[in-house]
Amino acid sequence: MKSYYITTPIYYVNDKPHIGHAYTTILADTLARFQRLVEQESFFLTGLDEHGLKVQQAAEKNGMSAKDHCDKMAPAFLELWDKLNIQYSDFIRTTEDRHVKIVQNVLNEVHENGDIYQDEYEGWYSVAEERFITDKELDSGLFREAKKIKERNYFFKMSKYQDALIEKIEKNENFIQPTTRKNEVLGFLKQDLSDLCISRPKSRLEWGIEIPFDKDYVTYVWFDALINYISAPKYSEDDNHFKQFWPADVHLIGKDILTTHSVYWSTMLMSLNIPLPKTIFAHGWWLTDEKKMSKSLGNVVSPLTLVDKFGVDAVRYYLMSEMVLGSDATFSMESFIKRYNSDLANDLGNLVSRVSTLINRNFDSTIPLSKDSNNDLSNEISNINIKDKLDNFQMDRLIQNIMDFVRSINGYMEKNQPWKLVKEDKKLAGNVLYNAAESLRIATVMLSPIMPEKCKEILNALGATSSSLDWGNLKSGEKIPESNPIFPRIIE
RNA sequence: GGCGGAGUAGCUCAGUUGGUUAGAGCAGCGGAAUCAUAAUCCGCGUGUCGGGAGUUCAAAUCUCUCCUCCGCUACCA
């Protein structure tokens, strides 16, 4: 049986991890956890992109080898993923032997297919930066010592696949998402595609994967990096294993690397004659509103600093609920606190408190008996279609649906008033509390991919042992602990 | 310049193939309740659906036009 295979980009080690990296990775983690919850096994790949000029230069600057530089940078990412509770299935680094070998396999294969040839590359070269620069960069005037030079290199016949790629994109509605990005790529492909220069002479750049059929060259870093998506599941090394994962269900990317994925990567796969990923999804960016931020809480610069202050799950919840996938979102302290207080503290956390306190005081800390599995709440749960929202990448809507249900539980409490009812008809009050607690259990299970730790706490507070989404899995007679606020209100 | 997207309540956004008095959350106002983290529940919106014109019995939803904002226009990673 094939696993749901989801990837993040592999992050370039030139940079320390920031909110962008964290967001994509949390999103992938959340989607992977949701898949495990509702449907199937999932395999979640992330990792690091470690070759290329900028890494080499950064290493030289610090007086260390490129490899040492990478080894020094890697822990920063691993520690952050740990802190953010990222449950990746595999973490790949492009300097690992397993990757290098497969990149060379791919190069050989593409070469043998006749899709690689040698030619002269002519472009503007910046002596100061030691690299070729784009026309745009030249126009910017930031690169003074620019001169036009020629260099012999290897090229990948990307243009050969242009028409086939256009057809694939047009035919497969879900291939490039959201639609606006799909249109961008199609617009891009209206112009003639040129071939891609995929080598760099070692005389200029040493830090890369050697071209297997010419030891004077290393591989262009993008060509190397993209292959991680198939090198991790062992393409060309273990066919059965590979087929359990490929094609990927979704490559999650930021909108800045849309072209490399939808054009470079797709044509590479076409040359290898293996299927394209089912979906490439480009999400938006987090914009920050510095003014608002500094007003509320001093000099908070990054949402990441909120993790220490308010907990990883609150931040995960905020990031997942606040961004409409595909659009940009604005981060502000103000919106974080609003979201936290109204959703987590007032609606959800407070509900846990009121239910558990009522059970503690009136039912000897024991989950009361359930009388009817058919009630307003159990019926309302069926309105939440997790799979539909996941298939359409509507994380914000999914959360909204779940939180609407949580609000309904509060409404149910208000309508049935178990604190009064308990004095008149204890059995009936018990039933009301059971229904509320069981609804809360299911809502919490639904939220657990987003807030794994906090949801465990809530389930524990409810004496719940089952993580089933079906009604009736909260056991009557189960003891519950004294209640403690799960999400203490943030008071400014 | 070319191609594409967006402009709906104070804020963030829903509004499927045109059809009852345009919706949700948050914020605001009023009330109820007091089990609960002063949390909860109920009620309250005279929004020119960016402007204008057109098609239609009927348009936020289709057509045209204008205005504003944004994205893409590759071989840096």
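Atom set for the values below is all heavy atoms of this structure, side chains included, hydrogens, waters and symmetry mates excluded. Letters go in sequence order (proteins before strands), and every chain restarts at 1.
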Using the C1' atom as the reference point in each nucleotide, state the distance between B/A22 and B/A9 in Å, no decimals.
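Taking atom C1' in both B/A22 and B/A9, they lie 10 Å apart.
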Per the salt bridge (Lys or Arg N to Asp or Glu O under 4.0 Å) rule, what does the pair list look like for residues 432-444 of chain A, sequence neighbours excluded?
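Salt bridge (Lys or Arg N to Asp or Glu O under 4.0 Å) check on residues 432-444 of chain A returns A/E438-A/R441.
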Could you give all pairs that pass the salt bridge (Lys or Arg N to Asp or Glu O under 4.0 Å) test and reach residues 172-185 of chain A, with sequence neighbours left out?
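Sorted result for residues 172-185 of chain A: A/E173-A/K182, A/R181-A/E184.
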Under 3.5 Å donor-acceptor pair, A/T260 side-chain atoms to B/A74 base atoms:
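Result: no qualifying N/O pair found.
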Considering residues at least two apart in sequence or located in another chain, which fulfil the ring-ring contact (aromatic ring centres under 6.0 Å, His included) criterion with [X]?
{"X": "A/Y217", "result": "A/Y154"}
{"X": "A/H69", "result": "none"}
{"X": "A/F405", "result": "none"}
{"X": "A/Y264", "result": "none"}

For A/E453, all residues meeting side-chain hydrogen bond (donor to acceptor under 3.5 Å, both in side chains), sequence neighbours excluded
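Partners of A/E453 under the side-chain hydrogen bond (donor to acceptor under 3.5 Å, both in side chains) test: A/N85.
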Return the set of residues passing side-chain hydrogen bond (donor to acceptor under 3.5 Å, both in side chains) with A/D388 (not counting sequence neighbours), or none when no residue passes.
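For A/D388 the side-chain hydrogen bond (donor to acceptor under 3.5 Å, both in side chains) partners, ignoring immediate neighbours, are A/N392.
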Identify whether any heavy atom of [X] sits under 4.0 Å from a base atom; if not, whether one sits that close to sugar-phosphate; answer base, sugar-phosphate or nothing.
{"X": "A/F487", "value": "base"}
{"X": "A/K54", "value": "base"}
{"X": "A/R131", "value": "sugar-phosphate"}
{"X": "A/D195", "value": "base"}

Select from A/T357 and A/D192 the residue whose nearest nucleotide in RNA chain B is closer to the 5' end of that strand.
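Upstream on the strand: A/T357.
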All pairs passing side chain to side chain donor-acceptor pair (under 3.5 Å) where residues 413-423 of chain A contributes a residue, at least two apart:
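Listed once each, the pairs are A/R354-A/E414, A/D376-A/K415, A/Q417-A/K420.
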For RNA chain B, just give me the dot-bracket, please: Watson-Crick or G-U, both distances below 3.5 Å, ( ) intra-strand, [ ] crossing earlier pairs, | paired with another strand, . unpaired.
(((((((..((((.....[...)))).(((((.......))))).....(((((..]....))))))))))))....
Under 6.0 Å from the NZ atom of A/K371, do we count more than 12 heavy atoms belonging to anything else shown?
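Result for NZ/A/K371: enclosed.
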If you restrict it to nitrogen or oxygen atoms, what contacts under 3.5 Å exist between nucleotides 67-71 of chain B and the protein, and what is each distance?
residue	atom	partner	partner atom	Å
B/G71	O2'	A/R181	NH1	3.1
B/G71	O2'	A/E184	OE2	2.6

Nearest to the side chain of A/R397, heavy atoms from C-beta on, is which of B/A39, B/A74, B/G15?
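Comparing B/A39, B/A74, B/G15 against the side chain of A/R397, the answer is B/G15.
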Of the residues in residues 152-169 of chain A, which ones touch RNA chain B at a heavy-atom distance under 4.0 Å?
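A/M158 - these, ordered by number, are the residues of the stretch whose heavy atoms sit under 4.0 Å from the strand.
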Determine whether a donor-acceptor pair (N or O, by modelled atom type, separation under 3.5 Å) exists between the side chain of A/K479 and the backbone of A/D364.
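A pair under 3.5 Å: yes.
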